[in-house]
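See below for the structure under consideration.
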Amino acid sequence: MRHLLRLLLLAFSVLAACANDFEKQSHISKLRILAVRADPAELIIEPGQQPPKTVLSALAVEPSGALITLQWALCTVQGVVPSPALDCPGTQGIDLFAPDGRGNLDLGQEPFRAQYEALIASPQGQAALATGIPLIIGLTTRTNVAALGALTTVTLRTADPAKPINHNPEIATLEADGLTVAEDGSTTVSAGSTVHLTPIPAEGAHELQADNTFEKLNYSFYATGGEIQTLRSTDTTATGEAADPTIDWLAPTSPGSVQLWVVVRDGRGGQGWVARTVQVK
């Protein structure tokens with residue numbers, strides 16, 4: 001354990017020393033997975049109802065526009081912190097039906113139903129479900145030149161009136177200097193200018209939590225050009241006060257199209273995003 005700790009500290013010191021050599025996380029120049037969401041955001045077991053199901057989608061981006069294929073799997077290794085070497089999808093995953101790039105997880109279908117019924121019939125399973133079981137799901141994205149994997153979790157739990165069901169937050173619009181960024185890519189900004197980007201959440205995006213407080217929404221920003229000055233923002237401070245989620249984006253000095261993405265997370269597993277293109281002139 002001490003040897004492992006020393007290795008981790010050494011790796012951290014090397015990364016810190018070389019930090020200036022790495023591309024900013026907010027800059028998109030190659031295949032990336034920016035977010036993964038499930039619809040619905042939780043698998044809720046309702047008495048007398050069919051086993052729950054959800055559809056998984058990913059914000060997988062590649063600035064060249066190359067075709068991206070996605071493969072999903074429910075991992076066969078569950079209940080532990082997964083190893084980075086977990087082969088899921090692969091030998092340690094059960095592939096999910098994904099005809100349109102979205103993974104369909106239906107616990108009422110084989111090969112999952114038998115294990116689901118055994119779980120809910122077990123006293124130990126019932127106790128775990130009352131708290132919530134994070135199901136580990138693997139994703140692999142591919143283009144003709146690159147591949148990238150990711151792991152995510154979706155909570156499986158029994159319905160509880162004291163625990164409001166979580167829904168994915170949505171971003172209604174993205175504003176640039178107070179004006180709505182058009183969905184058709186026609187919005188223009190001046191080359192080299194500093195643009196204030198403000199995500200506007202959809203009505204009802206802030207849901208009531210079990211402690212009778214409303215969710216705070218956290219945002220992450222990405223661009224194919226220029227420079228995002230702050231990768232993340234929030235609309236609520238740590239003490240519960242309202243905060244401005246606006247960040248500054250320094251537009252490129254050369255004309256051209258720039259793709260922008262903003263991801264919103266509610267801190268309970270819910271995610272949403274918006275994608276826009278602007279013209280730099």
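In summary, Glu62 and Arg32 do not engage in a salt bridge, as defined by a charged side-chain N under 4.0 Å from a carboxylate O. Ion pair Glu241/Lys216 not flagged as a salt bridge, since none of the NZ, NE, NH1 or NH2 atoms sits closer than 4.0 Å to an Asp/Glu carboxylate oxygen.
Side chain of Gln126 to main chain of Ile120: a donor-acceptor pair is present (N/O by atom type, distance under 3.5 Å, no hydrogens or angles). A side-chain donor-acceptor contact under 3.5 Å links Asn104 to the backbone of Arg102. In this structure, Gln71 contributes its side chain and Pro89 its backbone to no donor-acceptor pair below 3.5 Å. Using modelled atom types, one side-chain atom of Glu207 and one backbone atom of His167 make a donor-acceptor pair closer than 3.5 Å. Formation of a donor-acceptor pair under 3.5 Å by the Thr143 side chain with backbone atoms of Val145 is found in this model. A side-chain donor-acceptor contact under 3.5 Å links Thr141 to the backbone of Leu148.
For the residue pair Thr234/Asn218, the side-chain donor-acceptor check at 3.5 Å is satisfied. Inspection of the His206 and Asp266 side chains reveals no N or O donor paired with an N or O acceptor under 3.5 Å.
By the 6.0 Å contact criterion, CD on Glu227 is enclosed, its count of non-hydrogen atoms from other residues, nucleotides or ligands being greater than 12. For Arg268, the CZ atom sits in a packed shell: over 12 heavy atoms of surrounding residues, nucleotides or ligands are nearer than 6.0 Å. The environment of CD in Glu110 is crowded: more than 12 heavy-atom neighbours from other residues, nucleotides or ligands sit within 6.0 Å. Within a 6.0 Å sphere centred on NZ of Lys163, heavy atoms belonging to other residues, nucleotides or ligands number more than 12. Within 6.0 Å of CD in Glu46 there are more than 12 heavy atoms belonging to other residues, nucleotides or ligands.
Lys30 places none of its side-chain heavy atoms less than 4.5 Å from the side chain of Ile28. You'll find the side chain of Trp249 reaches within 4.5 Å of the side chain of Val189, heavy atoms only. Side-chain contact between Pro201 and Tyr219: present, with at least one pair of heavy atoms (C-beta onward) separated by less than 4.5 Å. Looking at heavy atoms from C-beta onward, Leu96 lies in side-chain contact with Phe112 at the 4.5 angstrom threshold. Using a 4.5 Å heavy-atom threshold, the side chains of Ser29 and Thr224 count as separate. Side-chain contact check for Pro169 versus Gln271: every heavy-atom pair is 4.5 Å or farther apart. Proximity of Trp273 to Ser220: side-chain heavy atoms (C-beta onward) are nowhere separated by under 4.5 Å. At a threshold of 4.5 Å between non-hydrogen side-chain atoms, the residues Leu119 and Leu129 count as touching.
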### Task
Give the C-alpha distance, both sets of side-chain angles, the deciding distance and a yes or no for side-chain contact (heavy atoms from CB on, under 4.5 Å) between Ile171 and Thr173.
CA-CA 6 Å; Ile171 298 174; Thr173 58; 5.9 Å; no
Test Gln279 against Ser257 for side chain to side chain donor-acceptor pair (under 3.5 Å), laying out the working first.
CA-CA 5 Å; Gln279 309 303 322; Ser257 296; 2.7 Å; yes
- prompt: Is there a side-chain contact (heavy atoms from CB on, under 4.5 Å) between Asp106 and Phe97 once you walk through the steps?
  reply: CA-CA 9 Å; Asp106 186 346; Phe97 183 60; over 6 Å; no
Check step by step if side-chain contact (heavy atoms from CB on, under 4.5 Å) holds for Gln25 and Arg232. CA-CA 11 Å; Gln25 189 177 350; Arg232 297 183 179 90; 3.7 Å; yes
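Each of Thr153, Leu151, Leu74 was compared with Ile137 under the side chain to side chain contact (heavy atoms under 4.5 Å, CB included) criterion, and only Leu74 meets it. Of the listed residues (Val195, Thr188, Leu174, Leu260), just one forms a side chain to side chain contact (heavy atoms under 4.5 Å, CB included) with Val278, and that residue is Leu260. A salt bridge (charged side-chain N to carboxylate O under 4.0 Å, His left out) with Glu42 is found for exactly one of Arg157, Arg37, Lys53, namely Arg157.
Atom CD1 of Ile247 is separated from atom CD1 of Ile228 by 4.0 Å, given to the nearest 0.5 angstrom. The NE2 atom of His196 sits 11.0 Å away from the CD atom of Gln229 when rounded to the nearest 0.5 Å. To the nearest 0.5 angstrom, Leu179 atom CG is 8.0 Å from Thr187 atom OG1. Here the straight-line distance linking atom CG of Leu56 with atom CG of Asp39 works out to 8.5 Å at 0.5 Å rounding. Atom CG of Asn144 and atom OG of Ser64 lie 8.0 Å apart (nearest 0.5 Å). The OG1 atom of Thr155 sits 9.0 Å away from atom CG of Asn166, with the distance rounded to the nearest 0.5 Å.
Taken together through direct or relayed side-chain contacts under 4.5 Å among Ile, Leu, Val, Met, Phe, Trp and Tyr, Phe221 and Val263 form parts of separate hydrophobic clusters. A continuous path of hydrophobic side-chain contacts links Val262 to Val258 [ILVMFWY only; heavy atoms under 4.5 Å]. No single ILVMFWY cluster, assembled from side-chain heavy atoms under 4.5 Å apart, contains both Ile200 and Trp261. A continuous path of hydrophobic side-chain contacts links Val154 to Leu105 [ILVMFWY only; heavy atoms under 4.5 Å]. Ile136 and Leu139 sit in two unconnected hydrophobic clusters of ILVMFWY residues. Membership requires side-chain heavy atoms under 4.5 Å apart, directly or through other members.
Nearest heavy atom pair, residue Asn168 against residue Gly270, reads OD1-CA, 3.3 Å. The two residues Val181 and Arg276 have their closest heavy-atom pair at O-NE, 3.3 Å. Of all heavy-atom pairs spanning Ala162 and Ala210, the tightest one is O-CB, 3.4 Å. Here the shortest heavy-atom pairing between Thr237 and Ala243 reads CG2-CB, 4.0 Å. Residues Pro111 and Ile94 come closest through the heavy atom pair CG-CG2, 3.7 Å. Closest non-hydrogen pair, Asp235 versus Leu217, comes out as OD1-N, 3.0 Å.
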